4 protein chains.
Amino acid sequence: MALAGASGYAGGEILRLLLGHPRYAAGELTIGALTAGGNAGTQLGDHHPNLLPLSDRVLEETTPEVLAGHDVVFLALPHGASGPIADALPPATLVIDCGADFRLADADEWEHYYGGRHAGTWPYGLPEIPGNRDVLAGASRIAVPGCYPTVSILSLLPALAAGVVEPHVGVVGVSGTSGAGRSPKVDLLASEVMGSARAYGVGGVHRHTPEISQALSAAAGNEVSVSFTPVLAPMSRGILATCTARTTASGEEIRAVYEKAYADEHFIHLLPVGKLPATSSVLGSNAVQLAVTVDERAHTMVAVGAMDNLTKGTGGAAVQSMNLALGWDEAEGLTTVGVAP
Amino acid sequence: MALAGASGYAGGEILRLLLGHPRYAAGELTIGALTAGGNAGTQLGDHHPNLLPLSDRVLEETTPEVLAGHDVVFLALPHGASGPIADALPPATLVIDCGADFRLADADEWEHYYGGRHAGTWPYGLPEIPGNRDVLAGASRIAVPGCYPTVSILSLLPALAAGVVEPHVGVVGVSGTSGAGRSPKVDLLASEVMGSARAYGVGGVHRHTPEISQALSAAAGNEVSVSFTPVLAPMSRGILATCTARTTASGEEIRAVYEKAYADEHFIHLLPVGKLPATSSVLGSNAVQLAVTVDERAHTMVAVGAMDNLTKGTGGAAVQSMNLALGWDEAEGLTTVGVAP
Amino acid sequence: MALAGASGYAGGEILRLLLGHPRYAAGELTIGALTAGGNAGTQLGDHHPNLLPLSDRVLEETTPEVLAGHDVVFLALPHGASGPIADALPPATLVIDCGADFRLADADEWEHYYGGRHAGTWPYGLPEIPGNRDVLAGASRIAVPGCYPTVSILSLLPALAAGVVEPHVGVVGVSGTSGAGRSPKVDLLASEVMGSARAYGVGGVHRHTPEISQALSAAAGNEVSVSFTPVLAPMSRGILATCTARTTASGEEIRAVYEKAYADEHFIHLLPVGKLPATSSVLGSNAVQLAVTVDERAHTMVAVGAMDNLTKGTGGAAVQSMNLALGWDEAEGLTTVGVAP
Amino acid sequence: MALAGASGYAGGEILRLLLGHPRYAAGELTIGALTAGGNAGTQLGDHHPNLLPLSDRVLEETTPEVLAGHDVVFLALPHGASGPIADALPPATLVIDCGADFRLADADEWEHYYGGRHAGTWPYGLPEIPGNRDVLAGASRIAVPGCYPTVSILSLLPALAAGVVEPHVGVVGVSGTSGAGRSPKVDLLASEVMGSARAYGVGGVHRHTPEISQALSAAAGNEVSVSFTPVLAPMSRGILATCTARTTASGEEIRAVYEKAYADEHFIHLLPVGKLPATSSVLGSNAVQLAVTVDERAHTMVAVGAMDNLTKGTGGAAVQSMNLALGWDEAEGLTTVGVAP
């Protein structure tokens with residue numbers, strides 16, 4: 001495989017997972033070209049000192065030529081950069097894009113939220129959406145979902161698909177900072193972030209909003225409006241999504257819906273009644289931990305999901321998608337065991 | 001003044017603020033008996049090494065006799081403990097209770113959420129609720145609001161009072177750990193909390209829910225249902241409350257409502273359009289920073305408030321209430337300047 | 001295998017690593033009895049929600065009877081508790097003790113630092129000490145080193161063994177909180193720890209001091225005095241040890257000593273000149289990252305080592321020791337890849 | 001007063017303290033020109049949303065003309081920038097420089113560590129050095145010490161001045177990130193810093209090394225060699241300095257030396273025997289908390305000091321120096337009360 005964008009957090013997470021993939025140990029999966037933009041020419045160890053076995057690998061310039069000749073290409077690039085690269089790669093190459101370029105079906109929505117021209121729509125790398133595994137098996141182009149959308153969709157989809165909540169949902173996603181990437185910005189400095197929670201992208205303007213709405217509307221069979229507020233918390237990894245929707249159903253009814261929906265999902269763990277998720281429980285793991293309850297006074301379903309934004313939220317989803325596309329066991333190289341405390 | 005519960009976080013915050021109160025420097029306000037339960041007999045410096053000027057003060061046993069004889073008595077005790085103490089203090093003593101005992105008007109609600117017998121209802125120490133200052137001026141018994149209620153009420157009240165949002169509100173409050181108090185519990189250990197966000201009290205069961213509803217319903221003139229979800233974030237201080245309610249009003253209309261409501265409030269700072277609050281901006285300060293906007297796609301008002309749970313959320317509110325009750329300037333000894341970064 | 005002390009952090013880490021051990025996947029290594037003291041009767045998921053595959057396992061009471069009948073027994077118990085348990089287990093059982101009971105050779109030292117009676121001395125589970133692998137291969141009793149000693153010894157041993165520094169060393173170990181265990185104590189609460197660094201056990205009184213001295217003295221062939229100061233930092237995992245010793249050697253000479261000493265060590269990574277270690281780089285990994293330099297003005301060698309206190313510092317060392325004792329590849333189930341950021 | 005460099009952390013801290021200064025409340029101290037480099041033209045609230053009363057102040061370009069006409073000018077500029085500005089200000093203006101430009105007496109040392117030309121030497125704004133208050137009273141140019149030097153010097157000076165330790169000292173300073181300033185750099189991103197401790201500037205290369213040595217050598221009356229290692233910890237504020245020196249004295253002897261040295265120092269608090277400092281205890285305060293003990297086995301004095309790097313370490317020292325220079329009470333506007341937890 002090759003990886004474009006190896007010096008960023010998403011790229012590093014993909015490499016971390018591939019280094020632990022049994023097919024890598026077996027020699028069936030090799031780590032080929034690693035590329036970067038401004039960091040081309042530096043060593044991987046300059047950026048990811050945690051990836052010891054690859055420390056000395058030199059990053060090449062991101063070009064289609066460098067990436068071509070690999071069976072699998074991961075793209076972990078800024079939004080808007082994947083389209084031209086993908087166009088230049090052979091159709092048979094499995095291209096897995098961690099950016100937003102190919103996630104939205106509606107070109108107007110894409111242009112409204114991202115600017116520039118819509119590049120197209122690829123199969124959406126969230127296998128836990130009913131029906132998606134069939135699409136992903138054998139696909140040669142896959143769009144990895146955004147991190148907030150993954151946990152929000154998984155937390156809300158069963159209730160909307162079953163029609164047991166109103167199609168107006170609220171999501172407050174509390175996220176660690178790695179989701180904001182590695183470009184140096186004052187407001188992401190440790191001094192600014194530690195000891196502080198702050199909201200950003202308030203009022204429906206965050207780019208993940210239409211992506212959440214798209215998947216939930218498809219599942220519900222009608223338009224689902226989404227009020228999404230992201231909150232930055234002082235931690236590196238993890239998203240805790242508090243998802244609400246008005247309902248007349250009871251807690252038992254709704255829990256039964258979720259139990260049925262996720263009974264066979266390896267990476268989705270519906271917690272026992274009375275337990276609530278914490279992001280520390282899924283650190284470095286591909287699992288989503290989920291609790292669902294009903295506030296019967298406020299006639300509101302509250303579903304809370306915890307996920308590692310870099311693993312199941314990005315790099316793990318990319319590997320899970322690769323496994324499916326190549327016909328391997330979907331869980332290879334991925335774990336449901338988190339690193340805690 | 002005297003303070004019962006001096007070894008806890010709320011007690012320590014009250015003392016921190018009183019040490020900086022100009023009336024303390026002027027000798028008009030003296031720090032008398034400091035009491036504790038299990039920590040009686042220890043020194044204040046064992047618990048609050050930050051309060052250097054009082055390090056050597058020995059904590060006495062919390063009894064009405066020790067507290068009597070002071071003009072002002074702060075109670076920072078576990079819920080349910082304030083009632084008997086308060087009963088034994090002279091009616092003319094200004095008693096300011098940081099616990100929940102006297103916050104709720106509805107005895108059934110109190111008993112449902114706290115258990116035990118309702119102790120009564122005292123004037124509610126949130127001066128920014130219209131009309132409350134008149135009640136607090138000269139009061140001899142004051143119930144300091146809960147931390148989540150303070151920021152939630154202040155974030156939502158203007159819109160509900162003006163009738164511009166539906167009376168079903170959602171609040172996701174992201175809080176630091178000091179709000180959970182100082183009793184040693186495994187799930188509050190640093191190892192468990194750092195690097196992790198987790199929900200607790202999900203589904204309308206948190207005790208602050210009826211308190212939020214009570215104040216908002218009074219302001220709205222009709223029952224306001226509240227879906228409240230608290231989230232624990234890895235920081236010591238601060239609450240960021242994301243508050244939502246469906247609306248047909250525009251952002252400008254709603255902003256005008258808030259501008260009018262808070263134009264003269266010293267401690268409430270409506271941020272300029274485009275700015276969003278962070279808890280670090282109010283650390284140690286009595287200010288609430290607030291942003292309000294409308295997601296016009298989701299027909300939802302989003303109001304986000306940031307506050308220091310120990311200052312404006314507890315100890316600052318106690319001092320502000322004391323100032324009002326004694327006829328002093330409400331802001332004495334309190335600041336709108338936070339300690340950042 | 002069986003594990004005593006499964007509800008604590010060391011026990012949890014051993015289980016996390018075993019769940020990822022290839023012999024576990026292959027069915028050659030099974031996870032048998034999991035025991036606890038006060039937590040007997042609860043489920044593992046109550047304590048380690050990150051260990052999803054074992055969530056439903058019920059913890060049994062820690063007794064020799066429950067542990068007997070397993071080929072391998074890990075003890076992750078409070079200091080002083082391992083001796084009686086180990087005595088009651090068959091001599092052929094591989095017993096790996098994560099406590100301090102069998103680490104020190106000198107009974108007086110043990111009694112001075114730990115109180116109570118010295119239980120004995122077992123092979124020391126730090127394979128990177130020259131000669132230790134031979135002792136550990138086939139051993140049936142192994143004492144896992146303390147966390148501070150592991151990183152301190154590895155950072156200093158080559159220089160002392162080579163005689164290029166004076167036998168008076170200083171170690172300042174900056175540690176995360178998980179090393180202090182999971183018993184709820186006020187000074188380990190998140191509210192106390194976050195945003196704060198504090199020293200503890202200052203002045204040579206920390207129990208790891210004689211353990212560091214024992215290993216370094218053995219390597220140096222003469223008594224090495226150790227000034228050790230532990231510092232608690234606001235992070236869950238990781239130790240960064242700054243180790244100093246006066247020297248007349250140059251940086252190049254000393255670096256050559258370390259390069260030679262660790263050339264073949266899989267888990268010890270001497271960083272390139274100019275790079276310095278960070279604990280985030282080894283989170284969850286069994287690697288130690290090490291930088292060594294000489295301050296030629298102050299005639300002082302400065303060696304800085306970073307390690308995950310729960311992995312290489314405890315659970316990883318236990319698994320590495322097990323692998324060696326059982327004749328497996330020492331690195332099985334362990335990684336040099338950290339989870340970062 | 002005027003302040004150059006208002007958008008940085010040091011500048012913000014000076015403003016925070018001045019807003020709480022009693023002379024500001026009394027109208028005797030006014031906050032005049034606030035200037036910046038690249039941030040000129042923006043509002044102070046864009047950078048310091050915690051400084052509510054000054055939110056709307058517009059930052060001017062840093063030029064001597066803008067600064068002239070103020071009785072007091074604080075410079076919080078990058079190293080090397082203060083010299084030319086100071087030269088252009090009238091000799092009678094009180095200029096207080098938070099940079100390193102005027103701290104070192106030895107031009108060679110300055111050029112070795114900072115590059116460029118040595119600008120000169122000003123009175124050193126550490127009043128707790130014996131004799132310094134006389135120099136600072138009435139001074140019109142003051143160099144505020146570096147943050148690490150302040151706590152290191154205060155922790156070690158009494159022992160060296162009394163000749164009870166050897167003149168070779170070790171300092172490991174564990175610091176929060178605000179000391180590294182506000183320029184956006186990848187290695188200061190929250191994602192990189194949180195959950196991690198890392199060393200930097202190892203081997204005597206950190207610029208604060210000669211500054212520590214200069215003050216200690218002057219106090220000792222002979223050259224003191226300093227092995228200084230800075231460590232970055234995941235917190236915004238605070239330095240914990242572990243300072244060691246070999247000694248034949250007993251703990252009681254050394255403690256007596258410190259008690260005598262600091263008996264009358266308002267801002268230096270020698271903790272009771274058995275207590276150890278934490279940086280949280282001094283957050284936002286101008287106090288230094290200090291513990292001193294002797295490890296009699298290792299013949300080593302260990303002195304541990306905790307300080308807020310932005311307050312006593314920068315902004316508080318600047319205000320304390322201003323107070324002294326203007327003949328005001330040295331402690332005005334400064335507190336020994338920290339914001340904790």
Side-chain angles (χ1 to χ4, degrees), chain C residues 168-170 172 174-176 187 189-205 209-210 213 225-229 231-240 242 244 246 251 276-281 283 291-302 304 306 340-341, chain D residues 168-170 172 174-176 187 189-205 209-210 213 225-229 231-240 242 244 246 251 276-281 283 291 293-304 306 340-341:
Chain C
H168 308 293
V169 302
V172 175
V174 177
S175 176
D187 61 2
L189 287 177
S191 300
E192 307 284 318
V193 167
M194 292 186 294
S196 188
R198 69 174 168 88
Y200 67 104
V202 168
V205 302
T209 310
S213 181
S225 83
V226 176
S227 162
F228 170 55
T229 306
V231 171
L232 199 71
M235 56 193 197
S236 290
R237 287 179 177 239
I239 296 181
L240 187 88
T242 300
T244 50
R246 290 178 66 83
L276 290 166
T279 63
S280 54
S281 300
L283 192 139
V292 61
T293 189
V294 169
D295 177 345
E296 294 186 4
R297 289 185 151 208
H299 303 295
T300 301
M301 178 190 82
V302 187
V304 184
Chain D
H168 309 293
V169 302
V172 176
V174 177
S175 177
D187 61 2
L189 286 177
S191 299
E192 307 284 317
V193 167
M194 292 186 292
S196 189
R198 68 174 169 89
Y200 67 103
V202 168
V205 303
T209 310
S213 181
S225 83
V226 176
S227 161
F228 170 56
T229 306
V231 171
L232 199 70
M235 56 194 196
S236 291
R237 288 180 177 237
I239 296 181
L240 188 87
T242 299
T244 50
R246 290 179 65 83
L276 290 166
T279 63
S280 54
S281 300
L283 192 139
T293 188
V294 169
D295 178 343
E296 294 186 5
R297 288 185 152 211
H299 304 295
T300 302
M301 179 190 80
V302 187
V304 184

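In what follows, chains carry the letters A, B, and so on, assigned in the order in which the sequence lines appear, proteins first and then strands, with residues in each chain numbered from 1. The analysis underlying the following values was restricted to heavy atoms, covering all of them including side chains, and did not include hydrogens, waters or symmetry mates. Source: prediction; values computed, not measured.
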> Where does Pro234(D) contact chain C at under 4.5 Å (heavy atoms): side chain, backbone, both or neither?
Replying inline: both
>> Once rounded to the nearest 0.5 Å, what's the spacing between atom CZ of Phe228(D) and atom OG1 of Thr242(C)?
In response: 10.5 Å
> Looking at Ala233(C), Ala340(C), Gly238(C), Gly195(C), which has the largest count of heavy-atom pairs under 4.5 Å with chain D?
Replying inline: Gly195(C)
>> Holding to side-chain hydrogen bond (donor to acceptor under 3.5 Å, both in side chains), I want the full list of residues that pass it with Thr293(D), two or more places apart in sequence or in another chain.
In response: none
> Of all of Val302(C), Val202(C), Thr229(C), which one pairs up most often with chain D through heavy atoms under 4.5 Å apart?
Replying inline: Val202(C)
> Looking at Gly204(C), Gly203(C), Gly251(C), which one has more heavy-atom pairs under 4.5 Å with chain D than the rest?
Replying inline: Gly203(C)
>> On a heavy-atom basis, which atom in Ser227(C) and which in Thr300(D) lie closest, and how many Å separate them?
In response: OG-CG2, 3.7 Å
> With Ser213(C), which residues qualify under side-chain hydrogen bond (donor to acceptor under 3.5 Å, both in side chains), at least two apart?
Replying inline: none
> Highest number of heavy-atom pairs under 4.5 Å with chain D: which of Asp295(C), Thr244(C), Val304(C)?
Replying inline: Asp295(C)
> Among Arg246(C), His299(C), Arg297(C), whose side chain to side chain contact (heavy atoms under 4.5 Å, CB included) with Ser225(D) holds?
Replying inline: Arg246(C)
>> Working to the nearest 0.5 angstrom, can you tell me the gap between Met194(D) CE and Ser236(C) OG?
In response: 12.5 Å
> With a 4.5 angstrom heavy-atom cut-off, which part of Val231(D) approaches chain C: side chain, backbone, both or neither?
Replying inline: side chain
> Where the side chain of Thr279(C) meets the backbone of Ala197(D), is there a donor-acceptor pair that is under 3.5 Å apart?
Replying inline: yes
>> With rounding to the nearest 0.5 angstrom, report the OG to CD distance, Ser281(D) to Glu192(C).
In response: 9.0 Å
> CE/Met235(D) to CE/Met235(C) distance, rounded to the nearest 0.5 angstrom?
Replying inline: 11.0 Å
